[in-house]
Each structure stands twice: as structure tokens, then as C-alpha cells.
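All remarks here apply to the structure that follows.
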2 protein chains.
Amino acid sequence: MPATIKDVARMAGCSIKTVSRVINGEPYVSEETRARVQAAIRAVGYAPNISARRLAQNKSFMICILLYPGLLQPSSAILSRVMDIGYEENYDILIQPYFPTHSRSKRKLVSLISEQHIDGFVTTPPCDAEDFVADLLGTYKVPLVQINPFHRSDTIPFVAGDDVLGARQVTEHLLSLGHRRIAFLMGPRNMRASFDRLAGYQNALLAAGLPIDPTLIRDSEFTFDGGYTATRLLMDLPSPPTAIFAGNDEAAYGVIFAAHEIGLRIPDQLSICGYDDFAMSKNIWPGLTTVHQPLEEMIESATRALIRILKGEALDSNQIILPSALVLRGSTAPPPR
Amino acid sequence: MPATIKDVARMAGCSIKTVSRVINGEPYVSEETRARVQAAIRAVGYAPNISARRLAQNKSFMICILLYPGLLQPSSAILSRVMDIGYEENYDILIQPYFPTHSRSKRKLVSLISEQHIDGFVTTPPCDAEDFVADLLGTYKVPLVQINPFHRSDTIPFVAGDDVLGARQVTEHLLSLGHRRIAFLMGPRNMRASFDRLAGYQNALLAAGLPIDPTLIRDSEFTFDGGYTATRLLMDLPSPPTAIFAGNDEAAYGVIFAAHEIGLRIPDQLSICGYDDFAMSKNIWPGLTTVHQPLEEMIESATRALIRILKGEALDSNQIILPSALVLRGSTAPPPR
DNA sequence: TTTGTGATTGACAACGTTGTCAGTTTGGAA
DNA sequence: TTCCAAACTGACAACGTTGTCAATCACAAA
């Protein structure tokens with residue numbers, strides 16, 4: 001039975017309302033009273049009961065991040081960073097795994113909104129692929145900030161990277177090394193990144209005056225297995241590519257594995273690029289040339305934007321685009337002569 | 001303004017208490033009334049307000065998992081599994097990053113207990129290394145289940161693997177391949193696994209009648225950098241090891257990287273073993289020989305045990321030991337002649 | 001002196017549940 | 001028929017906060 005506001009009030013010799021004012025930093029409390037109340041709070045070891053506060057204010061002080069477990073590999077560092085923000089701002093951050101098309105996920109989401117009254121959401125791809133989430137949050141009028149959303153909306157704030165540009169830079173890097181047959185591994189159709197990166201790849205080829213060879217474009221679903229299978233097929237072609245741009249890092253790991261299995265030396269016989277710069281990409285051998293996506297910053301700024309909205313502050317812009325950067329490591333080199 | 005229990009009661013033509021009985025599946029409601037209430041619930045789209053329920057029952061229906069962000073790499077699959085259990089059992093699962101020795105972590109933990117009234121905790125190494133957590137939970141009388149705890153307690157339930165056995169099996173595997181100079185990379189001093197794995201390594205050597213060479217035992221802190229640095233030093237020895245047992249997978253990644261950098265072929269010139277079987281270990285080349293630790297099952301059974309405790313049910317045993325298994329992949333082979 | 005204004009304070013309702021307890025109904029045994 | 005226990009039901013308090021509003025106080029201006 002922890003101390004309540006009443007215990008504090010009794011000890012400080014004032015009303016519970018005055019204690020409440022002190023706790024919430026409201027004005028109209030004399031310095032003397034404030035000091036007395038604060039002393040009483042310390043004396044009885046008082047901590048406000050969050051459930052009561054939530055009930056009285058009809059707010060939950062909770063933010064939920066919808067995360068698709070398959071992709072995104074949320075390094076714990078990211079989660080930790082987000083929790084810190086929550087700590088500063090007095091919000092609790094709830095990490096919720098979410099599978100689109102999965103009915104249990106949907107029910108859980110409904111319960112988070114209707115029972116827990118979560119104050120706001122951050123979504124990550126491909127959780128936004130169907131309109132279910134946005135529609136649901138729309139009908140319940142729960143604020144939402146999206147990360148790399150499928151559809152960029154004028155009304156829903158989002159944080160994103162420039163995947164067209166990043167993919168173009170990767171491709172130009174490979175072109176500048178002398179590669180002419182560059183394969184591209186396409187991601188799932190429910191993520192915007194898949195299309196944007198494909199566009200960047202194609203833009204670079206066209207700008208270089210090269211044809212787009214459909215046999216060099218394969219599906220990987222952004223998975224290890226997808227990258228592996230695509231590579232086995234690609235390298236069996238009569239004239240195989242000299243470089244594979246894997247669409248994302250996880251697929252690239254599959255490409256690397258397949259290349260090793262086939263007995264190809266990386267990067268001498270096959271250059272490989274990824275996209276995303278997962279933590280592991282600098283730890284494998286050879287280091288993976290990729291595009292660093294500032295996932296931590298993205299989640300952080302999405303969360304901060306959401307909190308601003310919840311506090312009723314205006315955002316500078318509904319669209320936050322963060323820069324990505326090509327990271328050159330050991331997995332790319334000029335093609336074999 | 002969502003529907004409340006009053007709206008349901010009005011529509012069903014009964015008291016709010018009767019609605020409450022129906023919601024909670026309590027007895028003493030006639031079938032006819034029950035049906036009418038349920039119809040009303042559906043009609044108004046009622047969902048109970050969790051904050052009010054928490055306040056009235058002085059319970060949070062929340063479980064918190066303390067996770068050290070550096071290690072453990074909680075694959076999202078694990079988190080997802082745990083959330084599912086929570087869903088089944090009507091508990092919300094809070095994932096809380098926790099750094100021992102980090103004062104903010106401690107304050108957050110205190111707030112989780114005293115403000116949020118979290119019903120129970122699951123700890124993972126090395127969050128339990130100091131006694132702070134156990135003491136705190138003890139004084140607040142909050143139930144706790146530990147995973148791979150530093151001290152195995154008779155009173156605090158825990159789930160663990162048999163690291164001594166696992167490490168012994170790894171070492172015996174290397175011995176059976178013919179290795180005689182096997183290095184061991186020690187983990188941090190605040191994790192039981194570090195000592196248990198060292199013991200398994202030493203037991204196997206002693207059982208084979210081999211001496212324990214202290215120059216072959218190095219610190220890695222279970223990190224990539226630690227594994228990398230230790231390997232550079234080890235391979236500079238006048239008579240370097242022919243195999244390195246890296247203590248955990250993350251350190252093993254560092255060993256592999258260093259070996260490649262030195263120009264050693266794996267496994268022909270150097271055999272490498274890890275421990276833990278992180279998801280990536282089967283995706284790198286060559287696949288890493290390691291010990292599979294059933295992390296998902298461990299977190300699952302710890303969570304289930306905690307929920308049983310919270311429900312007042314007795315545990316079959318306070319000590320749950322789950323089997324680990326040696327996984328042979330491509331990173332080990334007989335030593336060079 | 002009176003008046004007004006802003007600072008300070010507290011009584012009480014409200015938030016949406018569940019717990020307590022007393023009242024009513026039902027059905028079967030005496 | 002009467003009585004009793006069990007089944008059913010609801011009024012109301014309680015949980016620990018915050019919001020509303022009225023009351024009081026202090027002090028300066030009129």
C-alpha cells in the first residue's frame with residue numbers, strides 16, 4: 001500500500017488539490033507551501049498512481065510503435081534511444097509487433113486504442129501497407145506519425161529517407177567501377193522502398209545510357225532466402241551479372257552466402273551491395289557496401305514529432321526527409337576483365 | 001468519447017454491476033440477462049477502460065521484461081512470441097531496456113514499480129548482476145522470474161540453460177577434430193555464462209588430460225570488438241591456437257573478421273566456435289559452429305511461469321533448465337597438419 | 001475607507017471500473 | 001403451506017487522481 005496524495009496532504013497540512021498542483025508544477029502555490037509539500041512527498045516516498053491519473057485525464061501517456069518483426073531488425077540501441085525520449089517527455093513507449101494481414105495483430109491494435117487509449121502511434125513499414133491502420137487511427141482520431149510510409153500523405157506526418165537517391169548512388173558507384181551487367185533484387189510489393197530503390201537503380205542505368213535488362217531484376221522479398229535463391233538463379237544465366245545490388249542488407253547476406261557457396265570470390269569475381277546498413281553489415285567479411293539509413297534518427301524524430309503533436313505544438317513540416325549516405329566497404333570492386 | 005459500462009447497462013436495462021459480472025465471467029447472472037448484456041456490448045461497441053480497471057483492482061496487468069540492449073539481441077521473433085503470450089493471458093508486456101549501473105535505468109525501474117505498479121518482472125543477464133533489481137523487487141514484493149541469472153536462488157524462480165555442458169561439448173568437438181591448442185574467449189564478469197562456459201572449456205581439457213594454458217584464455221566481453229582484438233593478439237603468439245572458442249556468437253563474428261583480415265582460411269587454417277546461435281550465425285559464411293540456446297523458449301517459459309505466479313498458481317519447480325544443443329556448421333574442421 | 005484584482009487555497013465532483021453488502025426472487029424441502 | 005438456501009440483482013462506496021468553482025487573502029489603487 002504505497003503512499004497516496006492524501007497522505008502527502010495530511011503530512012503537509014494542506015488539501016490534496018494543492019499537492020496535485022505542486023506535482024504538476026502548476027502556478028498559484030506559494031513558495032512556502034510548495035516547499036512543505038515537496039518535503040512531505042519525500043518524507044512519505046510518494047509517487048503518483050499513473051492509472052488514476054490516466055483515468056482522471058482520459059489520457060494514457062503512452063505511445064505505441066508498430067514494428068514488423070520480420071524486417072527492420074530494431075537494434076536494441078534504437079529501442080533504448082526511444083525509451084530515453086519517452087523518459088524525458090514522461091511518455092511510456094510501447095513496442096508492438098505488428099503483422100499486416102494478421103488478424104490477431106489487428107485485434108490487438110483495436111484493444112490498444114479502445115481499451116488502453118494509447119495517445120499516439122508510430123508506424124514502420126510495411127505496417128502501413130494496407131490502409132487498415134491509418135483508417136482505424138483516423139476513425140478513433142488517434143495521432144499517427146509514419147516512418148517510410150507506402151503512401152506519402154499530405155495530412156499524416158511522416159519521416160523518410162530518399163531511397164530513389166540512395167539506390168541511384170549505389171548503382172552509379174557500381175557503374176563507375178566499370179560494371180555493366182548489374183542485377184537488382186526487388187523487395188516486397190507492400191513496401192515503398194522496393195519501388196523507390198528500383199527506380200533509383202533504373203534511373204542510374206538510363207542516365208548512363210544503358211538498357212534495363214529485365215532478366216537481371218529478381219524478387220528477394222528483402223530476405224536472406226530471397227537473396228540466396230535469386231543469386232543462384234542469376235549466376236546460372238548464360239551471361240551472369242558482375243554485380244548484384246541486393247535491395248536491402250538482409251537480402252545481401254543471402255547473396256554473399258550463395259556467392260561463397262558457388263565459389264565466387266567477393267569482390268573480385270562478384271561485387272555486392274546492400275541497402276539499410278544493418279549493424280551486422282560492417283561485421284561480416286568483406287564489409288558490405290551499402291547505404292546507411294539513419295534508422296535511429298528516423299525513429300527518434302518520428303517519436304519526437306508525435307509527442308509535439310500530442311502536446312498540441314505545431315510541426316515545422318509534415319514531411320521530414322533525412323539524408324542517407326553511401327557507405328563503401330570491401331564488397332565492391334571493378335569487375336573481372 | 002467511447003462507450004462506458006453505463007451505456008451498456010442503460011441499453012441492456014440492468015445495473016452496471018451486472019454488466020461488470022458479464023464482462024468478467026462471474027457467476028450469478030442469468031443466461032437471459034447475460035445474453036442481453038452481451039448484445040448491448042456489441043451494439044454500443046463497448047471496451048472496458050483499462051485504466052479504470054487498474055485503479056479499481058490496484059493491479060496493472062502488466063509484465064515487464066528487463067533487457068540489456070547490448071547483448072541478447074532479442075530477435076523480434078522473440079518479442080513477438082512474448083506478446084502473443086500476453087495476448088492470450090490478458091497481460092500487457094513491456095519491454096524495458098535496462099543497463100546495470102545506469103542511474104536512469106534504475107530510476108525508470110523504480111517508476112515502473114511505484115507509479116505503474118507493474119505486476120511482475122522477467123530479468124535477463126546481466127540485469128541481475130547487481131543485487132539492486134532483486135532487492136528492489138523484494139522490498140516492493142513484486143514477483144520476479146530470472147533468465148540465466150548470475151546467482152541461482154532457491155527462492156526466486158529462474159529459467160536457464162546448462163552452459164557448463166554446452167561449452168564442454170563445444171570443446172570436446174574441437175578436441176575430437178584433433179585440436180590441441182584451443183583458445184577461449186571469456187565474457188564479462190557480470191554474467192554467469194562467462195564463468196560457466198569457461199568451466200565447461202576447462203573441464204573438457206582436463207578430462208582429455210590436456211593442460212590449461214592461460215595465454216590462450218582472453219577477454220572478449222562478448223562483443224565483436226573484443227573477439228577481434230583477442231584474435232589479433234592470439235594469432236601473434238609464437239605458437240598460436242588452431243581453434244578459437246569464442247564464448248558467444250557476437251565475439252565469434254569478431255574472430256571471423258580478424259581471421260579474414262589476417263588472411264587465414266576458415267576452417268582450414270583456423271576453426272572457430274561460438275555460443276548462443278544468434279540468427280545471423282547460419283547466414284554468415286562459413287556457417288558458425290555454435291551451441292543453440294533456446295532463447296525463445298526461455299523467455300516464453302519465464303513469462304509463463306511469471307503469469308502462473310501472478311495468478312496464484314504453484315510452479316512445478318523453481319528451477320527450469322532447458323536443453324541446449326551443439327550445432328555443427330562450416331566453421332570447424334581438423335587443424336592444419 | 002472602499003474597491004478591485006490577482007494570488008492562493010480547498011471542497012467536491014468526475015473519471016470508469018470493481019468490491020461489498022443488502023435486497024429480491026426462485027425453487028425445493030419440510 | 002411455510003421456510004430456507006441459493007441464485008440473482010443493484011445501490012453505493014472505493015480506487016487516486018485532476019478539473020471546476022467558489023472562498024479567502026493580500027495588497028494596491030481609488
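A note on names: the letters A, B, ... follow the listed sequences, proteins ahead of strands, and every chain is numbered from 1.
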Inset, instruction - May I ask you to test the B:Ile63-B:Ile307 pair for a side-chain heavy-atom distance under 4.5 Å? - result: yes

Inset, instruction - Check for a donor-acceptor pair, side chain of B:Asn148 on one end and backbone N or O of B:Gly161 on the other, with a separation under 3.5 Å. - result: yes

Inset, instruction - Look up atom CZ in B:Arg308 and atom CG in B:Leu315, then write down how far apart they are to the nearest 0.5 Å. - result: 6.5 Å

Inset, instruction - Measure up the B:Tyr91 and B:Phe61 rings against each other and bin them: parallel (under 30°), tilted (30 to 60°), perpendicular (over 60°). - result: tilted

Inset, instruction - Give one of base, sugar-phosphate or nothing for B:Ala9, where a contact means two heavy atoms less than 4.0 Å apart. - result: nothing

Legend entry - Spacing of CG belonging to A:Leu66 relative to CG belonging to A:Leu109, to within rounding of 0.5 Å: 5.5 Å

Legend entry - Cation-pi geometry met for A:Lys108 and A:Tyr98 (6.0 Å, 45°): no

Legend entry - Between B:Asn49 and A:Gln116: side-chain donor-acceptor atoms closer than 3.5 Å: no

Inset, instruction - Five pairs at each end of the helix from C:dT1-D:dA30 to C:dA30-D:dT1: take the axis at both ends and give me the angle between them to 10°. - result: 60°

Inset, instruction - Give, for atom CG of B:Asp135 and atom OH of B:Tyr140, the distance between the pair rounded to the nearest 0.5 Å. - result: 12.5 Å

Inset, instruction - For DNA chain D, find the residues of residues 28-38 of chain B with a heavy-atom distance under 4.0 Å and give them by number; none if there aren't any. - result: B:Tyr28, B:Val29, B:Ser30, B:Thr33

Side-chain donor-acceptor contacts of residues 5-14 of chain B below 3.5 Å, not counting sequence neighbours, with atom names and distances?
{"from": "B:Asp7", "atom 1": "OD2", "to": "B:Thr4", "atom 2": "N", "distance (Å)": "2.8"}

Legend entry - B:Leu137 side, atom CG; B:Thr123 side, atom OG1 - distance, nearest 0.5 Å: 8.5 Å

Legend entry - B:Pro149 to B:Phe158 - nearest heavy-atom pair and separation: CG-CB, 3.7 Å

Legend entry - Backbone N/O of A:Glu297 and side chain of A:Ser301: donor-acceptor pair under 3.5 Å: yes

Legend entry - Closest non-hydrogen atom pair, A:Arg152 against A:Ala160: NH2-CB, 3.6 Å

Inset, instruction - Give me the residues of residues 14-26 of chain B where at least one heavy atom lies under 4.0 Å from an atom of DNA chain D, by number, or none. - result: B:Cys14, B:Ser15, B:Lys17, B:Thr18, B:Arg21

Inset, instruction - Spell out, as yes or no, whether a donor-acceptor pair under 3.5 Å connects the side chain of A:Ser60 to the backbone of A:His117. - result: yes

Inset, instruction - Check whether any side-chain heavy atom of B:Gln38 sits under 4.5 Å from a side-chain heavy atom of B:Val22, and report yes or no. - result: yes

So which protein N/O to nucleotides 26-28 of chain D N/O distances come out below 3.5 Å?
none

Legend entry - chain A contact limits on DNA chain C, taken 5' to 3' with a cut-off of 4.0 angstrom to heavy atoms: C:dA7 to C:dG16

